[in-house]
Amino acid sequence: MIFILAGTSLSAQAKAKFHIGVVTGTVSQSEDDLRGAERLIKDYGSVKSGGMIQHITYPDDFMSQQETYISSVVALADDPLMKAIIVNQAIPGTTEAFKRVRAKRPDILLLAGEPHEDPLVIQSAADLALSADFVSRGYLIPWAAKQLGAKSFVHISFARHMSYESLGRRRAIMEEACKDLGIKFYFETAPDPTGDIGMPGAQQFMLEKVPQWIEKYGKDAAFFCTNDGETEPLLKQMLAYGGIFVEADLPSPLMGYPGALGLDLSKEAGNFPAILKKVEDAVIAKGGKGRFGTWAFSYGYTLTAGLGEFAKNVIEGKAKKDSLKDVFAALGKFTPGAKWNGAYYVDMGTGVRAKNQVLIYMDTYIFGKGFLPTTAEKVPEKYYNIQMKKQ
């Protein structure tokens, strides 16, 4: 017996031989990640209309709704055609969700984008985890800040983020890099958006605080924030008051800039060269030439779409799940002309190189100047051995 979804034709239903589940944050928490899922639906169709992609979102206050989140991921495995599940960003609870899926359906490919859980935790459950290279970027972001004339570097975060090994270790590397590069390092605390005041309260805090920080540290201070939602008010005030901004925690021309600049990019949606040009023109008009940067293509968008493409290729036998070359090829479909670099994660405690977690990064693009060759810059070996400081 064949069941056909209402409103779909048999031919449309027959097109998708398998399904891929894609889990992202909402527009307010991580818009770029969600837009990557929309790109996959555009390319391969939605399950409800006979296509390949089943997209769901996790709640903004995911820390207090972990069981709800886990259940929603596990429910994807109830679909007999489901062959892969991707979570980007892989928030706390993803490892448990993956383990429950694995118990039900060992045939499902499990991929994690930008995991919030510690490396050894997510590695215990995911077939592959991709993270922005927090080790290399811990050195390269201060290095880039120095190329732009920064005299000091201000790292903005909060306790929950600093408890993550990836973010805590990157902070320690940044601090050491600043010392070696002759830049003063400072740490400032912002509210956690998953707390009582939520994202609106956290953003209001940034709007009020950033001008004070610029007055305190000067216009030659580079600022870096670990939270996506707080990046927009940071940029808005920096464009008004001064400062240097190399790139966001998860870089993209869409990360913070459109809201900070009041840009409508609906006509340019999905066209990153056009988006980059429009943002660049607006940044330069605000006097930010040579002082503000990003990645030319959205990291969050590319990660969602790239992992979806990679999953499809693996399922169809066109890629191997342990091939770095195949991973970069899938990402590269969505970033024409951009250079990627990366390597398998090495555990600090054991020195063992992971087989299923890869740290990746792209060249930094500076508005009004072009690309900085960050993927070609050699990161000194000492930084790979710096551990996070216990809070």
Side-chain angles (χ1 to χ4, degrees), residues 114-116 118-119 131-192 206 209-210 212-228 230-231 234-235 238 242-251 291-295 299 341-343 345-349 351 359-361 364 366 372 374-375 377-391:
E114 202 54 34
H116 290 210
D118 285 347
S131 307
D133 192 338
F134 55 87
V135 178
S136 298
R137 290 177 74 222
Y139 171 79
L140 291 169
I141 293 173
W143 172 84
K146 185 173 184 180
Q147 311 311 303
L148 301 183
K151 303 289 193 297
S152 56
F153 189 92
V154 184
H155 184 291
I156 306 161
S157 192
F158 39 82
R160 177 171 61 87
H161 271 187
M162 289 298 89
S163 72
Y164 298 170
E165 193 209 333
S166 56
L167 304 189
R169 189 171 159 198
R170 184 182 61 194
R171 175 202 168 165
I173 295 167
M174 284 178 161
E175 194 166 353
E176 185 70 15
C178 285
K179 189 165 70 176
D180 293 344
L181 292 164
I183 302 171
K184 292 177 181 175
F185 178 91
Y186 300 98
F187 183 87
E188 290 285 357
T189 302
D192 186 337
M206 294 294 284
K209 204 72 180 176
V210 172
Q212 298 173 30
W213 287 338
I214 293 169
E215 189 175 338
K216 180 178 179 182
Y217 298 114
K219 293 183 179 181
D220 288 331
F223 289 82
F224 177 82
C225 179
T226 65
N227 183 263
D228 295 349
E230 293 174 349
T231 298
L234 172 63
L235 286 170
M238 288 182 68
I244 292 168
F245 185 87
V246 173
E247 62 193 33
D249 179 61
L250 303 180
R291 297 175 69 82
F292 288 80
T294 184
W295 285 2
Y299 173 66
N341 202 346
Y345 173 82
V346 177
D347 179 62
M348 283 295 299
L359 306 183
I360 59 176
Y361 63 102
T364 300
I366 303 300
L372 282 177
T374 42
T375 56
E377 181 67 20
K378 177 72 174 168
V379 178
E381 195 64 34
K382 66 175 277 191
Y383 295 103
Y384 293 99
N385 299 312
I386 293 173
Q387 299 189 34
M388 70 181 283
K389 297 173 181 176
K390 298 301 177 186
Q391 301 300 306

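Everything numeric here is computed off the predicted structure, so don't read it as measured data. Each residue takes its place number in the sequence, starting with 1. Values reported hereafter were calculated over all heavy atoms of this structure, with side chains retained and with hydrogens, waters and symmetry mates removed.
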Of the options Tyr217, Phe223, Phe224, Phe187, which is the one that meets Phe153 in a side chain to side chain contact (heavy atoms under 4.5 Å, CB included)? Phe224
side-chain hydrogen bond (donor to acceptor under 3.5 Å, both in side chains) filter on Tyr186, not counting sequence neighbours, yields none
Scanning both residues in full, the closest heavy-atom pair of Arg171 with Met162 reads CD-SD, 3.6 Å
Decide yes or no on side-chain contact (heavy atoms from CB on, under 4.5 Å) for Leu250 and Asp228, but give the supporting numbers first. CA-CA 7 Å; Leu250 303 180; Asp228 295 349; 3.6 Å; yes
Heavy-atom closest contact (Thr231 atom, Ala248 atom, distance): CG2-CB, 4.3 Å
Close side-chain approach of Pro191 and Glu230, heavy atoms under 4.5 Å: yes
Within the distance-only criterion (no hydrogens, no angle test), does the side chain of Arg291 pair as donor or acceptor with the backbone N or O of Leu148 below 3.5 angstrom? no
Are any side-chain N or O atoms of Glu176 and backbone N or O atoms of Ala172, one a donor and one an acceptor, separated by less than 3.5 Å? no
Atom CD1 of Ile360 and atom OG of Ser131: how far apart are they, to the nearest 0.5 Å? 8.0 Å
Determine the sole option in Asn341, Thr364, Leu140, Asp133 for which the side chain to side chain contact (heavy atoms under 4.5 Å, CB included) test with Thr375 is passed. Asn341
Just verifying a value: how many Å separate Ser163 OG and Asp118 CG, rounded to the nearest 0.5 Å? 7.5 Å
Please list, chain by chain and in numerical order, all residues satisfying ring pair (Phe, Tyr, Trp, His ring centres under 6.0 Å) with Phe245, sequence neighbours excluded. none
What one should report as the nearest heavy-atom pair of Gln147 and Leu372 is CB-CD2, 4.5 Å
Check step by step if side-chain contact (heavy atoms from CB on, under 4.5 Å) holds for Tyr299 and Tyr361. CA-CA 9 Å; Tyr299 173 66; Tyr361 63 102; over 6 Å; no
Within 6.0 Å of NZ in Lys184, more than 12 heavy atoms from elsewhere: no
Check: Tyr164 and His116 side chains under 4.5 Å, non-hydrogen atoms: yes
For Met206 and Trp213, what are the C-alpha separation, side-chain angles and deciding distance, and is it a side-chain contact (heavy atoms from CB on, under 4.5 Å)? CA-CA 10 Å; Met206 294 294 284; Trp213 287 338; 4.2 Å; yes
Side-chain touch Ile173/Val135, heavy atoms, less than 4.5 angstrom: yes
Once rounded to the nearest 0.5 Å, what's the spacing between atom CZ of Arg169 and atom CD1 of Ile386? 9.0 Å
Taking only residues two or more places apart in sequence or in another chain, which ones pass ring pair (Phe, Tyr, Trp, His ring centres under 6.0 Å) with Phe158? His161
Measure the spacing between CG of Asn227 and CD1 of Ile156 and express it to the nearest 0.5 Å. 10.5 Å
Distance (rounded to the nearest 0.5 Å) between Ile214 CD1 and Met238 CE: 6.0 Å
Value for CG (Leu234) from NZ (Lys209), rounded to nearest 0.5 Å, stands at 14.0 Å
Return the set of residues passing side chain to side chain contact (heavy atoms under 4.5 Å, CB included) with Asp347 (not counting sequence neighbours), or none when no residue passes. Leu120, Tyr345, Thr350
Hey, is the main chain of Ala132 close enough, under 3.5 Å, to the side chain of Glu114 for a donor-acceptor pair? yes
Lys216: side chain to side chain contact (heavy atoms under 4.5 Å, CB included) partners, not counting sequence neighbours: Glu188
Is any side-chain heavy atom of Arg170 closer than 4.5 Å to one of Ser157? no
For a 4.5 angstrom cut-off between non-hydrogen side-chain atoms, does His155 reach Thr226? yes
Taken in chain and number order and not counting sequence neighbours, the residues that satisfy side chain to side chain contact (heavy atoms under 4.5 Å, CB included) with Ala177 are Tyr139, Pro142, Leu181, Tyr383
Any idea which heavy atoms bring Val154 and Ala221 closest together, and the distance? CG2-CB, 4.4 Å
